[in-house]
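Every chain is numbered from 1, with letters handed out A, B, ... down the list of sequences.
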2 protein chains.
Amino acid sequence: MNEKCHIYRALNFVGKRWTLLILLELYKGNSKWKRYSELKNTLLDITPKILSSRLNELREEGLIEKRVDSDKMPISSNYSLTKKGLDFVLVIKEIKKWSLKWDTIQDCKSDDCKTCLL
Amino acid sequence: MNEKCHIYRALNFVGKRWTLLILLELYKGNSKWKRYSELKNTLLDITPKILSSRLNELREEGLIEKRVDSDKMPISSNYSLTKKGLDFVLVIKEIKKWSLKWDTIQDCKSDDCKTCLL
DNA sequence: CAGGATCCAAAAGGATACTG
DNA sequence: CAGTATCCTTTTGGATCCTG
């Protein structure tokens with residue numbers, strides 16, 4: 001409840017819907033820049049409002065950075081994980097390790113589970 | 001979004017309000033049993049509905065266990081961290097480490113921050 | 001193309017009263 | 001004491017349309 005509690009601040013953005021999927025998409029890209037429309041097409045059911053909300057939140061927290069190419073039209077906005085964001089992926093992996101250690105379900109049976117974040 | 005995704009399952013309960021504070025209270029207790037009323041008194045503004053919801057969620061996920069003493073009246077319900085729950089505290093510590101590593105705010109200035117979970 | 005604005009639906013949280 | 005039931009408020013997510 002404390003605004004300055006580090007744990008709560010972290011959970012405040014990471015606990016939200018779509019956030020991890022966005023981080024994952026950027027992580028898969030291997031530190032490459034991905035444009036807004038790429039993310040939108042990959043995350044099939046996300047609406048533009050939610051996507052930009054999440055991107056802004058992650059940017060405010062310093063996990064991703066944004067680069068705009070306005071030279072050529074149409075404009076393209078690109079996003080990429082920062083070092084802080086990349087480091088956070090390790091935390092997510094810890095969560096997954098914990099879960100795999102204690103869950104009876106050993107695999108989510110999705111291709112993503114293996115290639116996902118572990 | 002996948003029901004079986006370990007990461008999402010974990011975030012689904014841990015991301016909720018009060019959950020970490022409850023885990024913290026039980027963790028402070030050093031594996032001792034704490035009663036419902038103790039938790040309610042310590043977590044000042046929590047309402048009975050939320051407290052019992054969170055306790056049930058945590059119990060379903062196997063992070064805490066419940067013991068009821070119905071011998072003597074009035075009945076007392078007691079809660080304690082399981083090994084799985086205790087192990088999860090380590091994950092929370094990882095989140096805190098990450099946050100302390102990257103945040104400019106170095107301390108939440110609350111007594112809790114030091115005694116908290118690190 | 002990249003989003004902002006608006007409006008609506010759903011979910012979560014919370015206050016209060018009540019019961020075995 | 002340890003909750004449950006009910007009702008209400010707030011927050012979040014989502015669908016759709018619009019614009020530089």
Side-chain angles (χ1 to χ4, degrees), chain A residues 1-3 5 8-23 25-26 29 32-61 64-80, chain B residues 1-3 5 8-23 25-26 29 32-61 64-80:
Chain A
M1 325 316 294
N2 186 339
E3 289 288 306
C5 174
Y8 271 96
R9 273 196 58 196
L11 290 174
N12 194 40
F13 60 84
V14 83
K16 289 186 180 171
R17 221 171 155 179
W18 295 108
T19 300
L20 288 188
L21 292 178
I22 293 170
L23 289 177
E25 270 315 300
L26 294 174
K32 300 227 178 68
W33 295 90
K34 287 213 173 181
R35 23 192 332 181
Y36 182 89
S37 52
E38 287 184 83
L39 293 171
K40 192 163 178 329
N41 291 334
T42 315
L43 308 170
L44 282 176
D45 293 324
I46 201 168
T47 61
K49 185 182 114 179
I50 303 296
L51 180 54
S52 60
S53 304
R54 293 297 173 273
L55 290 171
N56 283 329
E57 289 158 11
L58 287 169
R59 201 153 56 98
E60 280 166 19
E61 293 292 337
I64 67 175
E65 50 190 340
K66 179 180 182 177
R67 194 192 64 195
V68 180
D69 289 352
S70 50
D71 322 354
K72 50 193 171 195
M73 285 295 284
I75 284 173
S76 80
S77 293
N78 299 272
Y79 298 87
S80 171
Chain B
M1 325 316 295
N2 186 339
E3 289 286 307
C5 174
Y8 272 96
R9 273 197 58 197
L11 290 175
N12 194 40
F13 61 84
V14 85
K16 289 187 179 170
R17 223 172 156 179
W18 295 108
T19 301
L20 289 189
L21 292 178
I22 293 170
L23 289 176
E25 272 312 303
L26 294 174
K32 299 226 178 67
W33 295 90
K34 287 212 174 184
R35 29 196 323 185
Y36 181 90
S37 51
E38 287 184 84
L39 293 170
K40 192 162 178 327
N41 291 332
T42 315
L43 307 170
L44 281 177
D45 293 326
I46 200 169
T47 60
K49 184 182 113 179
I50 304 296
L51 180 54
S52 63
S53 301
R54 293 299 173 271
L55 289 170
N56 283 330
E57 290 159 12
L58 287 170
R59 202 153 56 98
E60 278 166 20
E61 292 293 339
I64 67 175
E65 48 190 341
K66 180 180 181 178
R67 195 193 62 198
V68 180
D69 291 350
S70 50
D71 321 353
K72 50 193 170 196
M73 284 296 282
I75 284 172
S76 80
S77 291
N78 300 271
Y79 298 88
S80 171

Could you state the atom-to-atom distance from [atom1] of [X] to [atom2] of [N] in whole Å?
X     : N      : atom1 : atom2 : value
B:D45 : C:dG14 : CG    : C1'   : 11 Å
A:K16 : C:dA11 : NZ    : C1'   : 14 Å
B:W18 : C:dG14 : CH2   : P     : 7 Å
B:R59 : D:dA2  : CZ    : P     : 14 Å
B:N56 : C:dA12 : CG    : C1'   : 16 Å
B:K34 : D:dC1  : NZ    : C1'   : 18 Å
B:I50 : D:dT4  : CD1   : P     : 12 Å
B:W33 : D:dA2  : CH2   : P     : 14 Å

Any side-chain N or O of [X] less than 4.0 Å from the OP1 or OP2 oxygen of [N]?
X     : N      : answer
A:S37 : C:dA2  : yes
A:T47 : D:dT16 : no
A:S52 : C:dA2  : no
A:Y79 : C:dG3  : yes
B:R35 : D:dC1  : no
B:S77 : D:dG3  : yes
A:R17 : D:dT12 : no
A:R54 : D:dG13 : yes

Closest to the A:P48 side chain, choosing from C:dA15, D:dA2, D:dT16: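 The listed nucleotide nearest to A:P48's side chain is D:dT16.
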
Could you check whether A:E38 pairs with A:R35 (Lys NZ or Arg NE/NH1/NH2 to Asp/Glu carboxylate O, under 4.0 Å)?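 Salt bridge absent between A:E38 and A:R35.
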
Would you call A:K16 and A:E57 a salt bridge, using N to O less than 4.0 angstrom?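 Answer for the salt bridge query: yes.
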
Consider only side-chain N and O atoms of A:N78 and A:S80, and report whether a donor and an acceptor are under 3.5 Å apart.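 Result is no, nothing qualifies.
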
Side-chain donor/acceptor of A:Y36 to backbone N/O of A:P48, under 3.5 Å: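 Such a contact is found between A:Y36 side chain and A:P48 backbone.
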
Is there a side-chain contact between B:I46 and B:L21, using heavy atoms and a 4.5 Å cut-off?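 The answer is no; the side chains never approach within 4.5 Å.
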
